[in-house]
Every structure is written in structure tokens, then in C-alpha cells.
Amino acid sequence: MSLNFNQFASEANAFLKEYTKALSLNGDTEKAGRILSSILHGLRDIISTEESLQLIAQFPMFLKAVYVNSWSLHKKNKKINTMEEFIDLVRVFDGVTAMHDFKSYELSENYINVTFILLRKYISLGEMEDIKSELPKDLKNMVYHRIMF
């Protein structure tokens, strides 16, 4: 298997354009990239390492790179019980741009829903069931429900 970095970059750019459009960000791919990274890193912090590894096995290379960037396997999973707590965690990953990128809880929740809707083309239903089993009730209802439909 040869590594075709141009192909990876092309796929990443196509996904990012689609993602930016789906988030209604008027072509601001930098903001879309920060949002995607923050949401994936938030998810990574609340599911087990084993589940993360199964998830990224299904991702294309560019999403694997985003997911594992700055990942420490020695951290314990965060205990998150509500969507608001998850959004707060996502904002932490977004850093100083969080208040600009995730202005309100309603907008943030929409970004999370859009993210998982677009990711479902890479994630099998069986894997989504596995992730669902690790999520708290509030996140199951608000994120997973929208993935299935």
C-alpha cells in the first residue's frame, strides 16, 4: 500500500468544503476545521480508548489525523452527563476561539448534530451502536438519534 498524500489532502479538502457548507459558515474552512477538531476531541475524551480505536479504524486518513492529534492515551475518560457539559468540553478544546466558534448552546448543538450526520458515511451502524452504549443518556438522545435518521 503506497501513501498518496495528495489523495488524502484532496479528500480532506472536499470534506471540509462540504462540512463548511453544512455548518452554514460562508466558506470559513478554518472555523469549520476548529469546530470539527473540537467535537472529535470532545468525543474522544468521553468514550473508551478501545472504542476510539474501533471508530478511527473506519475513518479515512484525514479524519484519523484530526482525531488523534494531541491524543494522550494515559488520560482517564471524562464523566459527561449532559449536552451542555459536552459543549463546555468541546469549547475547552477550541481554546481562545471558543466563544467565537461556539457562541451559544443552541448553535453548538447544531454543529454537533451536523458533524455526526456527515460522519455517518464513514461509521457503520454497528459502530454507532457501540458508541451509543458508552454515551450518557442526554447525548444518546441528542446526537445518536440524529445519526440514525
Side-chain angles (χ1 to χ4, degrees), residues 1 3-5 7-23 25 29-98 101-102 104-149:
M1 176 177 119
L3 294 178
N4 186 340
F5 291 106
Q7 181 65 32
F8 298 154
S10 177
E11 291 171 0
N13 287 325
F15 177 85
L16 195 56
K17 281 179 76 173
E18 177 185 6
Y19 185 65
T20 301
K21 185 176 180 180
L23 294 177
L25 296 179
T29 55
E30 286 185 31
K31 182 175 180 177
R34 289 190 308 267
I35 290 168
L36 175 65
S37 178
S38 299
I39 292 169
L40 288 178
H41 291 176
L43 176 66
R44 178 183 79 192
D45 260 23
I46 63 171
I47 64 174
S48 69
T49 301
E50 295 79 17
E51 204 53 59
S52 282
L53 292 172
Q54 291 175 21
L55 174 63
I56 63 173
Q58 297 184 12
F59 280 168
M61 187 60 72
F62 71 92
L63 283 176
K64 289 177 186 187
V66 172
Y67 195 90
V68 302
N69 187 35
S70 301
W71 191 12
S72 173
L73 296 176
H74 303 293
K75 285 183 175 179
K76 288 190 170 194
N77 288 5
K78 301 229 186 302
K79 299 294 181 202
I80 301 294
N81 294 312
T82 66
M83 179 58 78
E84 289 78 17
E85 290 174 346
F86 182 67
I87 291 168
D88 289 341
L89 175 63
V90 167
R91 285 177 171 162
V92 168
F93 281 110
D94 199 34
V96 297
T97 57
D101 292 346
F102 297 95
S104 69
Y105 282 106
E106 182 178 270
L107 180 63
S108 300
E109 186 176 336
N110 180 59
Y111 287 166
I112 292 164
N113 291 334
V114 168
T115 299
F116 281 92
I117 288 168
L118 288 180
L119 290 178
R120 73 178 171 190
K121 66 180 162 181
Y122 304 113
I123 305 169
S124 70
L125 289 178
E127 181 57 26
M128 288 313 307
E129 284 291 334
D130 292 346
I131 291 171
K132 177 185 175 187
S133 71
E134 293 197 12
L135 293 176
K137 183 179 179 183
D138 193 22
L139 293 178
K140 286 178 190 181
N141 293 336
M142 301 182 88
V143 177
Y144 186 76
H145 176 74
R146 287 169 177 78
I147 293 168
M148 295 300 297
F149 297 104

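Everything numeric here is computed off the predicted structure, so don't read it as measured data.
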Study note, to complete from the structure: CZ (Arg120) and OG1 (Thr115) are apart, to the nearest 0.5 Å, by 13.0 Å
Check your understanding: What are the two closest heavy atoms between Asp101 and Leu107, and how far apart are they?
Key -> O-CD2, 4.4 Å
Practice item. Please state whether the rings of Tyr122 and Phe62 are parallel, tilted or perpendicular, taking 30° and 60° as the class boundaries. Key: perpendicular
Check your understanding: Taking the inter-plane angle between the rings of Phe102 and Tyr111 on a 0 to 90° scale, is it parallel (under 30°), tilted (30 to 60°) or perpendicular (over 60°)?
Key -> perpendicular
Practice item. Looking only at non-hydrogen atoms, find the nearest pair between Gly42 and Phe86 and report the distance. Key: C-CE1, 3.4 Å
Check your understanding: Any side-chain heavy-atom pair from Leu63 and Leu36 closer than 4.5 angstrom?
Key -> yes
Check your understanding: Can you find a pair of side-chain heavy atoms, one from Arg34 and one from Lys31, that are under 4.5 Å apart?
Key -> yes
**Study point:** From Thr29 atom OG1 to Leu23 atom CG, the distance as rounded to the nearest 0.5 Å
**Key:** 11.5 Å
Review point. CZ of Arg91 to CG of Asp88: how many Å apart, nearest 0.5 Å?
Key: 6.0 Å
Check your understanding: Closest approach of Asn81 and Asp138, non-hydrogen atoms and distance?
Key -> O-CB, 3.5 Å
Review point. Any side-chain donor-acceptor pair under 3.5 Å between Glu50 and Gln54?
Key: no
Review point. In terms of ring plane angle, is the pair Phe15 and Tyr19 parallel, tilted or perpendicular, where the classes change at 30° and 60°?
Key: parallel
Check your understanding: Can you tell if the side chain of Phe93 reaches within under 4.5 Å of the side chain of Leu40, non-hydrogen atoms only?
Key -> no
Check your understanding: Of the non-hydrogen atoms in Ile87 and Ser108, which two are nearest, and what is the gap between them?
Key -> CG2-CB, 3.6 Å
Check your understanding: So which heavy atom on Val66 is nearest to which on Ser37, and how close?
Key -> CG1-CA, 3.8 Å
Exercise for review: Take atom NZ of Lys79 as the centre, draw a 6.0 Å sphere, and report whether it contains more than 12 heavy atoms from other residues, nucleotides or ligands.
Suggested key: no
Point to revise | Short side-chain to backbone donor-acceptor contact, Asn69 and Ala65, under 3.5 Å | key: no
Study note, to complete from the structure: Taking every heavy atom of Glu51 against every heavy atom of Asp130, the minimum-distance pair comes out as OE2-CB, 3.2 Å
Point to revise | Gap separating the NZ atom of Lys140 from the CD atom of Glu134, nearest 0.5 angstrom | key: 9.5 Å
Practice item. Return yes if some donor-acceptor pair links the side-chain N/O of Arg44 with the main-chain N/O of Ser52 below 3.5 Å, else return no. Key: no
Check your understanding: Under the 3.5 angstrom rule, does the side chain of His41 hit a backbone N or O of Trp71 as a donor-acceptor pair?
Key -> no
Review point. For the atom pair CG (Asn4) and CD (Glu11), what is the distance rounded to the nearest 0.5 Å?
Key: 8.5 Å
Review point. Going by heavy atoms in the side chains, are Leu43 and Leu135 under 4.5 Å from each other?
Key: yes
Practice item. Check Asp45, Ile47, Val92 against Lys78 for a side-chain contact (heavy atoms from CB on, under 4.5 Å) and give me the one that passes. Key: Asp45
Check your understanding: Are more than 12 heavy atoms from other residues, nucleotides or ligands located less than 6.0 Å from atom CD of Gln7?
Key -> yes
**Study point:** Approximate separation, where rounding is to 0.5 Å, of Ile80 CD1 and Leu89 CG
**Key:** 5.0 Å
